[in-house]
Amino acid sequence: MTTENSKKQKVPEFIIPEEMKNINLSHESLKPLEPEIDIVSMMQKFKDILSNKDSDWTFQIAVINYLRRIFKFDKQVFNQFFYGAKFNLKIIEFIDSVRSSLAKNALVLLNEIFSEQINGEEKSNSNSLISLIKSTIPHLISKINSNKSFIKAESNMCLESIVKNMKFFEVLLTFLQLMNTKKTKDAELLVELSKKMIKNFGKEFFVQNSQFNELIKHIVSFYESHKDSNVKLSKDILNCFIEVMTKEEFDKKMEKCTKKEKENVKIILETKIAQPKKKTSSISSMHFRKDINERKKNFKLSKCNDAKGNKSVSIKIVAKGKDPVVIHSNGANLNDENAQKNY
């Protein structure tokens, strides 16, 4: 797939076959490009399709499928055109397309990109990749709340792939920056993603990192924006750092932070988080009466005196290992229908 011969002679226009418009093309079914394909002609065709707002969406699907094939089998060519020709910006736009099939396929391509395990130390093309991730994350967070389950699922897979494979400091920083939102569910999701990424980075990454104070700055900013509601989430992240690094190493990294940041971190860590109250389920009288009747074999029926010494009828519910519960019928005859209703 060289471009030299293409420049020397005129080549026929690249024609997109119908099978490439398939909206459900699996990763396993992706094949290398045919040898006779001229890359320059093909990419020019893609550029025309993506730059035209009125392009048929099925052709846009085909472009995504071709990009998936190129990424799988020739990453050098992929990087040259995906980033160089700014195809990446259009793919991000497709995430928000009203056509859910187009949005889904854009997410599938992005997930395949993010599924390639890359460490922050690998500098080759890392700046373009980091920029792609940072631009994509807000769209993914938004789509997690989609009413279409397959869009939600694909978005979640993209985020999980980023956390697992894209070990860049800038990615974690982006999660922490985006936490400062009024949307509680989004903030909670970003906190969980941050915690997973912190654990994936491991101890040595943070011990050696010279920008640790930048992470603390955003956590403190998040806490200060809504202290009462954000203190638990802030504490969760800080405790995650301590769990990965140990308290002594964490305190040492905190030395570069400002006085105000240190004070806030101390407040957050010392704050006692109230445990949420357990919800108690209410039982309707009908269900209660049914339950009483079911367990009636264990009950003892007896007569006893009330506080004034008057005889009254009561039901003693004898539960094994527990004090008996007494339900008084106020002296009514047990054979009386109205009295029976009382218990």
Side-chain angles (χ1 to χ4, degrees), residues 1-7 11 13-17 19-52 55 58-95 97 102-137 139-140 154-155 157-162 164-168 170-171:
M1 294 189 292
T2 60
T3 60
E4 294 181 2
N5 294 333
S6 304
K7 294 178 180 178
V11 294
E13 181 184 1
F14 177 74
I15 305 298
I16 295 178
E19 60 266 24
M20 288 307 295
K21 298 177 183 179
N22 185 347
I23 62 174
N24 295 309
L25 206 59
S26 68
H27 181 75
E28 292 72 23
S29 65
L30 298 175
K31 298 177 181 179
L33 296 184
E34 294 73 14
E36 64 273 14
I37 288 181
D38 180 79
I39 294 295
V40 172
S41 175
M42 180 180 70
M43 289 300 177
Q44 183 56 53
K45 180 77 172 181
F46 291 173
K47 195 172 183 179
D48 293 341
I49 292 172
L50 295 179
S51 61
N52 185 358
S55 291
T58 61
F59 281 96
Q60 295 170 333
I61 292 286
V63 171
I64 293 173
N65 284 334
Y66 268 110
L67 289 174
R68 292 174 64 203
R69 289 174 66 185
I70 298 170
F71 177 78
K72 184 176 180 180
F73 295 102
D74 197 335
K75 290 182 176 55
Q76 186 176 355
V77 172
F78 176 86
N79 291 335
Q80 178 185 349
F81 289 97
F82 188 72
Y83 299 110
K86 300 188 185 302
F87 289 170
N88 56 324
L89 301 180
K90 200 66 186 177
I91 296 302
I92 293 173
E93 283 184 30
F94 286 162
I95 298 175
S97 173
L102 185 58
K104 177 193 171 184
N105 277 268
L107 290 167
V108 169
L109 169 60
L110 290 168
N111 187 43
E112 289 172 351
I113 295 172
F114 301 148
S115 294
E116 293 284 323
Q117 201 163 39
I118 297 176
N119 293 318
E121 298 173 357
E122 299 176 20
K123 299 298 181 184
S124 177
N125 205 55
S126 62
N127 289 337
S128 296
L129 182 57
I130 290 170
S131 178
L132 173 67
I133 298 168
K134 290 170 65 177
S135 300
T136 304
I137 289 174
H139 297 269
L140 298 177
E154 292 293 344
S155 299
M157 284 192 288
C158 279
L159 288 168
E160 290 296 332
S161 294
I162 289 172
K164 182 180 178 181
N165 303 307
M166 302 290 107
K167 295 184 178 180
F168 296 106
E170 294 87 347
V171 176

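Everything numeric in this text was worked out from a predicted model, so none of it was measured.
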query: Can you check side-chain contact (heavy atoms from CB on, under 4.5 Å) on Leu132 and Leu110, steps first, answer last?
result: CA-CA 9 Å; Leu132 173 67; Leu110 290 168; 4.1 Å; yes
task: I would like to know whether Ile64 and Leu102 meet side-chain contact (heavy atoms from CB on, under 4.5 Å); could you show each step before the answer?
output: CA-CA 9 Å; Ile64 293 173; Leu102 185 58; 3.8 Å; yes
Chi angles and distances behind the side-chain contact (heavy atoms from CB on, under 4.5 Å) call for His27, Lys72: CA-CA 9 Å; His27 181 75; Lys72 184 176 180 180; 3.8 Å; yes
message: Go through it in stages, so that I can follow the logic: the residues are Phe94 and Leu50, the test is side-chain contact (heavy atoms from CB on, under 4.5 Å), and I'd like the CA-CA distance, side-chain angles, deciding distance and then a yes or no.
response: CA-CA 10 Å; Phe94 286 162; Leu50 295 179; 3.7 Å; yes
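For the pair Lys47 and Phe87, the cation-pi criterion (under 6.0 Å, within 45° of the ring axis) is not fulfilled. With Tyr83 as the aromatic partner, Lys86 does not meet the cation-pi criteria of under 6.0 angstrom to the ring centre and within 45 degrees of the ring axis.
Among all heavy-atom pairs drawn from Phe114 and Cys158, the shortest one is CD1-O, 4.1 Å. Between Ser97 and Ala103 the shortest heavy-atom distance is O-CB, 4.2 Å. For the residue pair Thr58 and Lys21, the shortest heavy atom distance occurs at O-CG, 3.5 Å. Here the closest heavy-atom approach between residue Glu112 and residue Phe71 is recorded as O-CE2, 3.3 Å. Nearest heavy-atom pair across Asn105 and Ile23 is ND2-O, 3.2 Å. Summarising the geometry of Ser135 relative to His139, their closest heavy-atom pair is O-CD2, 3.1 Å, with the distance given to 0.1 Å.
Taking the side chain as every heavy atom from C-beta outward, Phe73 and Leu33 never approach each other to under 4.5 Å. The shortest distance between side-chain heavy atoms of Thr136 and Ile162 does not fall below 4.5 Å. Residues Phe82 and Ile70 have side chains not in contact (no heavy-atom distance under 4.5 Å, counting atoms from C-beta outward). At least one side-chain heavy atom of Ile137 sits under 4.5 Å from a side-chain heavy atom of Val171. Side-chain contact between Ile113 and Leu129: present, with at least one pair of heavy atoms (C-beta onward) separated by less than 4.5 Å.
Here the CD1-CE distance, from Ile37 to Met43, works out to 10.0 Å after rounding to the nearest 0.5 Å. To the nearest 0.5 Å, the span separating CZ on Phe81 from CD on Gln44 amounts to 10.0 Å. Distance check, rounded to the nearest 0.5 Å: CD1 of Ile130 to CZ of Phe168 gives 4.5 Å. Note that CE of Met166 and OG of Ser115 are 8.0 Å apart. Values are rounded to the nearest 0.5 Å.
When atom types are taken as modelled, the side chain of Asn52 and the backbone of Asp48 share no donor-acceptor pair closer than 3.5 angstrom. Using modelled atom types, no side-chain atom of Ser131 and backbone atom of Asn127 make a donor-acceptor pair closer than 3.5 Å. At least one donor-acceptor pair under 3.5 Å links the side chain of Arg69 to the backbone N or O of Lys31. No donor-acceptor pair closer than 3.5 Å links the side chain of Asn111 to the backbone N or O of Glu154. In this structure, the side chain of Arg68 engages the main chain of Leu25 through a donor-acceptor pair within 3.5 Å.
Crowding of Lys75 atom NZ: a count of heavy atoms from other residues, nucleotides or ligands under 6.0 Å exceeding 12. The local environment of CD in Gln76 is sparse, with at most 12 non-hydrogen atoms from other residues, nucleotides or ligands closer than 6.0 Å. No more than 12 heavy atoms of other residues, nucleotides or ligands sit less than 6.0 Å from atom NZ of Lys134.
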